[in-house]
Amino acid sequence: MARKDFIELSDLHGQPWIAGSGTAMGVWPGLDERPVIAHSVRDWLAKLHLVAAGCGLTTVGDSLSDAVPPGVRVLPVRGGSHEHRRILLAKLPRPLSEPAARVADALRAAAVTTGG
């Protein structure tokens, strides 16, 4: 797969996945089959090194694409439904601290900007 410029969703069928410890985080969210979890690890760097060793596939966010080790390529996936992410913001019934209020404002602004 690493020789291609992109991956079709159908290419992901039956592939082994490197997931988050105790979760399916790292598995393609639009996968239309039960994923085969080959390894579960706690951090992203461990996931990427397992991918480099040929142990499976994982997903990475744009922010991690510059941190991939040698032997790993980040490729777009075509086909399937578009991924939607949601962020829930909850607060205690007391006023927010100034830093927490800034984060809440930034999250609300980002949600409005992206249509979330």
Side-chain angles (χ1 to χ4, degrees):
M1 279 192 227
R3 293 185 188 117
K4 298 180 177 183
D5 292 328
F6 61 89
I7 296 173
E8 295 286 348
L9 181 62
S10 60
D11 294 335
L12 300 178
H13 288 202
Q15 295 295 323
W17 290 92
I18 312 300
S21 184
T23 70
M25 183 65 81
V27 175
W28 186 255
L31 199 61
D32 58 356
E33 67 179 1
R34 185 179 181 101
V36 176
I37 307 295
H39 298 279
S40 295
V41 296
R42 292 184 183 170
D43 65 77
W44 286 101
L45 191 54
K47 284 184 189 184
L48 293 172
H49 282 285
L50 284 168
V51 170
C55 297
L57 306 174
T58 196
T59 59
V60 294
D62 291 337
S63 63
L64 291 175
S65 61
D66 291 336
V68 297
V72 174
R73 285 198 59 209
V74 177
L75 300 171
V77 176
R78 292 187 180 172
S81 61
H82 184 67
E83 177 184 355
H84 294 281
R85 294 182 183 219
R86 294 193 174 138
I87 296 176
L88 299 176
L89 179 61
K91 67 176 189 143
L92 297 173
R94 61 178 178 254
L96 292 174
S97 67
E98 184 179 338
R102 283 191 217 150
V103 169
D105 289 343
L107 289 172
R108 281 188 204 98
V112 169
T113 301
T114 60

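Computed from a predicted structure; not experimentally measured. Only heavy atoms go into these numbers, but all of them, side chains included; no hydrogens, no water, no symmetry mates.
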Within the 4.5 Å heavy-atom criterion, are [X] and [Y] side-chain neighbours or not?
X: Cys55; Y: Ile18; result: yes
X: Leu75; Y: Asp5; result: no
X: Thr59; Y: Val27; result: no

Ignoring hydrogens, what is the shortest heavy-atom contact between [X] and [Y]? Give both atom names and the distance.
X: Pro70; Y: Ala52; answer: O-CB, 3.7 Å
X: His49; Y: Pro69; answer: CE1-CB, 3.7 Å
X: Gly14; Y: Glu33; answer: N-OE2, 2.6 Å
X: Lys47; Y: Thr58; answer: CD-OG1, 3.5 Å

Full working for side chain to side chain contact (heavy atoms under 4.5 Å, CB included) between Val51 and Leu57: CA-CA 6 Å; Val51 170; Leu57 306 174; 5.5 Å; no

Under-4.0 Å salt bridge between Arg102 and Asp105: no

Polar side-chain atom of Glu8 near backbone of Gly79 as donor-acceptor pair, under 3.5 Å: no

From CZ (Arg73) to CZ (Arg3), nearest 0.5 Å: 10.5 Å

